[in-house]
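Please read the structure below before turning to the comments.
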Amino acid sequence: MTAKISRINPDQLHGTPGYHHITVVETGRTAYLAGQCPLDQGGSLVGPGSLEVQVDQVVVNALAALAAVNAQPQHVVRSVIYVRSNDREDLGLVWHRLAASALGPAFTSASTLLGIAQLGFAGQLVEVDLTVALPD
């Protein structure tokens with residue numbers, strides 16, 4: 001049986017820029033993807049200093065990870081986006097670039113966007129953590 005995914009925005013809560021406050025998964029298996037980083041297949045950081053280039057690599061990596069478990073962006077039920085910045089414009093840029101990408105449907109579920117002080121790799125500006133309701 002394929003998991004039934006419902007996305008809800010209660011009237012009592014504020015409007016959102018595309019995500020839903022609540023995502024409910026009725027049945028099925030779940031995959032927890034490690035934080036996807038802006039590293040190429042060889043493990044080298046791409047786009048030092050460029051949020052755009054790093055977001056694009058994170059999208060490529062996240063799509064590959066989803067494909068490895070036979071899932072697609074619409075199967076994502078939770079995302080956490082980390083941006084190494086305290087500038088709201090940077091956070092907005094990352095959100096909008098992700099939402100406009102091939103991975104965009106992943107960000108219609110419950111989602112959190114965080115500005116943080118540091119990430120794991122030197123020069124890393126972005127990381128995306130995804131939880132997926134696996135299709136049959």
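Legend: residues meeting side-chain hydrogen bond (donor to acceptor under 3.5 Å, both in side chains) with D90, ordered by chain and number and at least two apart, are S85. Every residue meeting the ring-ring contact (aromatic ring centres under 6.0 Å, His included) condition with H21, not counting sequence neighbours, appears here in chain and number order: H14, Y19. With sequence neighbours excluded, the residues forming a side-chain hydrogen bond (donor to acceptor under 3.5 Å, both in side chains) with R78 are T112, listed by chain and number. Residues passing the side-chain hydrogen bond (donor to acceptor under 3.5 Å, both in side chains) test with Q124 are E127, sequence neighbours excluded.
Looking at N61, its side chain does come within 3.5 Å of a backbone N or O of C37 through a donor-acceptor pair. Q36 contributes no side-chain N or O that, together with a main-chain N or O of V128, makes up a donor-acceptor pair within less than 3.5 Å.
Taking the side chain as every heavy atom from C-beta outward, L63 and P73 approach each other to under 4.5 Å. Counting heavy atoms from C-beta outward, L103 and L66 have side chains that approach closer than 4.5 Å. Side-chain atoms of V53 and P38, non-hydrogen and from C-beta on, never get closer than 4.5 Å to each other. When side chains are defined from C-beta on, P10 counts as touching I22, because their heavy atoms get closer than 4.5 Å. Side chains of L98 and V59 form a contact here, defined as non-hydrogen atoms less than 4.5 Å apart. The side-chain heavy atoms of H20 and I8, taken from C-beta on, include no pair separated by under 4.5 Å. Inter-residue side-chain proximity for F107 and L113 is flagged as unmet; no heavy-atom pair is nearer than 4.5 Å.
Interatomic distance, CG of L33 versus OG1 of T131, reported as 8.0 Å (0.5 Å rounding).
With a 6.0 Å radius and a threshold of 12 heavy atoms from other residues, nucleotides or ligands, N86 has its CG atom at or below the threshold.
Across every non-hydrogen atom of N70 and P135, the tightest pair is O-CG, 3.1 Å. The two residues S111 and W95 make their nearest non-hydrogen contact at OG-CZ3, 3.5 Å. What you find for L45 and A122 is that their closest heavy atoms are CD2-O, 3.4 Å. Contact record, L130 with A62: CD1-CB, 4.0 Å, taken as the closest heavy-atom pair. For the pair V55 and V126, the tightest heavy-atom approach, listed with the atom from each and the gap, is CG2-CG2, 4.0 Å. For the residue pair L125 and S50, the shortest heavy atom distance occurs at CD1-N, 3.8 Å.
By the rule that hydrophobic residues join a cluster once side-chain heavy atoms approach within less than 4.5 Å of another member, L91 and V80 end up as members of separate clusters. Connection of L93 to V83 is established within a shared hydrophobic cluster, with ILVMFWY side chains joined at heavy-atom distances below 4.5 Å, either directly or through further cluster members. No single ILVMFWY cluster, assembled from side-chain heavy atoms under 4.5 Å apart, contains both Y82 and F121.
The salt bridge (Lys or Arg N to Asp or Glu O under 4.0 Å) pairs that include a residue from residues 31-46 number zero, where partners must be two or more places apart or lie in different chains. Applying the salt bridge (Lys or Arg N to Asp or Glu O under 4.0 Å) definition to pairs two or more places apart or across chains, those involving residues 42-67 are D56-R97.
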- Given side-chain contact (heavy atoms from CB on, under 4.5 Å), test V94 with I81 step by step and report yes or no. CA-CA 9 Å; V94 169; I81 304 158; 3.8 Å; yes

